[in-house]
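Lettering follows sequence order; numbering is per chain, from 1. Excluded from the calculations below are hydrogen atoms, water molecules and symmetry mates; all remaining heavy atoms, backbone and side chain alike, are included.
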Protein chains: 2
Amino acid sequence: MPAALLSREEVLNRLLDAFRERGYEGASLAELSAATGLVKASLYHHFPGGKSEMATAVLAHLDGMLAEQLYLPLRADLSPAKKVAAMLDTIDTFYDGGRKACLFERLATSVDHTTFRRPLTRAFSTWIDAVEDVCVEAGLSRAAARGRAEDLVIRIEGALVLTAGTGNLKFFERTLTDLRKSLLAR
Amino acid sequence: MPAALLSREEVLNRLLDAFRERGYEGASLAELSAATGLVKASLYHHFPGGKSEMATAVLAHLDGMLAEQLYLPLRADLSPAKKVAAMLDTIDTFYDGGRKACLFERLATSVDHTTFRRPLTRAFSTWIDAVEDVCVEAGLSRAAARGRAEDLVIRIEGALVLTAGTGNLKFFERTLTDLRKSLLAR
DNA sequence: GTCTATACGTGGATAGAC
DNA sequence: GTCTATCCACGTATAGAC
């Protein structure tokens, strides 16, 4: 039996990029095949459930990446302000200033979005919870922190929609700039 | 030659619903056919450019509807507060409390989004401009008004994404509630 | 203006060799 | 674990009758 061409992690990274770029319906098996360098039959070997299972696996993979790169630093021993600044830097890089789409949004607005409802609900609430905690640490009430955290995720997702629709990066940039100032403001 | 079964306006309304429900890639010609009661060949009679032309026509049709139902009332001789309240009521109804998607978002995140870039840019800026003007009328500076208006559209789009992804209407509801309080606040 | 019928590619998916 | 080859349904699109 031939050795694996790419590690599972690398395959998932390539699938992540493909789904973000093309969306769930837009990413055909032919494209996913080209993105990974694996023919369709090989993809089915790794993901017997087909495209739906690929998307679910990519979502779980992304959750792991975010836990490590986005949420864990928010629990570090630094000032809340610094941690928020670092988070927004990471987000800016991850979305490439608004040029790259959000996997959550791509699956949330797919035709089979009900298939992904559970993992998406978990993904959004994990993100919101992490932001909420740092807001509380900065002195906001639990209720206010919750509102700010939900609002942050909502604004980032909305800004990505306007940026994608118009091709104008300013919507994403302004939103991040504003969040830097307003998230922890009293 | 047989009489038209549905008026062009009614056809566009049905196509609008279909695109909002299924998205641009998700809405197949078979579904658009079922939605309008016209077979595929008849749809091509009305829209020789195919699905892309259908979406463009629907977008123009929606622009007309919004001009009349959403933007015109914002220029009426009423207090800014009342006009904003009315606008948010209309928006709440239009998105059915978050249950129905936004056509702009569906096209903005489609694979051929570049095809729709010009009309989408126009559509978003028309919406933003209308809100900006009423904010100015309420006493906000032009710059502040612009920011609030962009933010309103961004938050509505983002709230729709989270609501669709999680199935939880609270994101949309809270966003509208918050906008009612905060849009014109000094 | 609507229909039936059809063309032709591509979609997701599988069988089985190596 | 990867490949070639293939299946069949459905995708968009068109021709031509009424």
Inset, instruction - Could you check if a side-chain atom of Thr166(B) sits within less than 4.5 angstrom of a side-chain atom of Leu120(A), using non-hydrogen atoms only? - result: no
Inset, instruction - Determine: side-chain N/O of His45(B) to OP1/OP2 of dT2(C), distance under 4.0 Å, yes or no. - result: no
Inset, instruction - Say whether, by atom type as modelled, one donor and one acceptor occur between the side chain of His113(A) and the main chain of Ser110(A) under 3.5 angstrom. - result: yes
Inset, instruction - List in chain and number order the residues that pass side-chain contact (heavy atoms from CB on, under 4.5 Å) with Gln69(A), two or more places apart in sequence or in another chain; answer none if no residue qualifies. - result: Met65(A)
Legend entry - Proximity to the side chain of Ser28(B) - top-ranked nucleotide from dT12(D), dG12(C), dT2(D): dT12(D)
Legend entry - Proximity to the side chain of Val39(A) - top-ranked nucleotide from dT14(D), dT4(D), dT2(C): dT4(D)
Inset, instruction - Grab the CG-P distance between Leu6(A) and dG1(D) for me, whole Å please. - result: 13 Å
Return a table of donor-acceptor pairs under 3.5 angstrom between the side chains of residues 177-185 of chain A and protein atoms on other chains or two or more places apart.
residue, atom, partner, partner atom, Å
Thr177(A), OG1, Glu173(A), O, 2.9
Asp178(A), OD2, Arg155(A), NH2, 2.5
Arg180(A), NH1, Ala85(A), O, 3.4
Arg180(A), NH1, Asp89(A), OD1, 3.2
Arg180(A), NH2, Asp89(A), OD1, 2.9
Ser182(A), OG, Asp178(A), O, 2.9

Legend entry - Proximal nucleotide (of dC3(D), dG12(C), dC3(C)) relative to the Ser42(B) side chain: dC3(C)
Inset, instruction - With the side chain of His46(A) defined as its heavy atoms from C-beta on, choose the nearest nucleotide among dG1(D), dG12(C), dT14(D). - result: dG1(D)
Legend entry - Of the listed nucleotides dA13(C), dC3(C), dA13(D), the one nearest the side chain of Leu5(B): dC3(C)
Legend entry - Donor-acceptor contact below 3.5 Å, side chain Arg106(A) vs main chain Arg20(A): yes
Inset, instruction - Quick one: sort the Phe116(A) and Tyr24(A) rings into parallel, tilted or perpendicular, breaks at 30° and 60°. - result: perpendicular
Legend entry - Side-chain N,O (Tyr44(B)) to OP1/OP2 (dA13(D)) below 4.0 Å: yes
Legend entry - Distance, rounded to the nearest Å, where Glu31(B) contributes CD and dG11(C) contributes C1': 14 Å
Legend entry - Nearest-angstrom distance from the residue atom CZ of Phe47(A) to P of dT2(D): 11 Å
Legend entry - Residue Lys82(A) excluded, over 12 heavy atoms near NZ under 6.0 Å: no
Legend entry - Sequence-distant partners of Asp96(B), side-chain contact (heavy atoms from CB on, under 4.5 Å), two or more places apart: Arg99(B), Lys100(B)
Inset, instruction - Using whole Å, report how far CD of Glu25(A) lies from P of dC10(D). - result: 16 Å
Between N or O atoms, less than 3.5 Å apart, protein on one side and nucleotides 5-9 of chain C on the other: list the pairs.
none

Inset, instruction - For DNA chain C, find the residues of residues 8-22 of chain B with a heavy-atom distance under 4.0 Å and give them by number; none if there aren't any. - result: none
Legend entry - Within residues 53-66 of chain A or reaching into it, pairs that qualify as side-chain hydrogen bond (donor to acceptor under 3.5 Å, both in side chains) - sequence neighbours excluded: Asn13(A)-His61(A)
Legend entry - Between C1' of dG1(D) and CG of Leu43(A), the distance in whole Å: 12 Å
Inset, instruction - Check the distance between dT4(D)'s P and Leu29(A)'s CG and give it to me in whole angstrom. - result: 16 Å
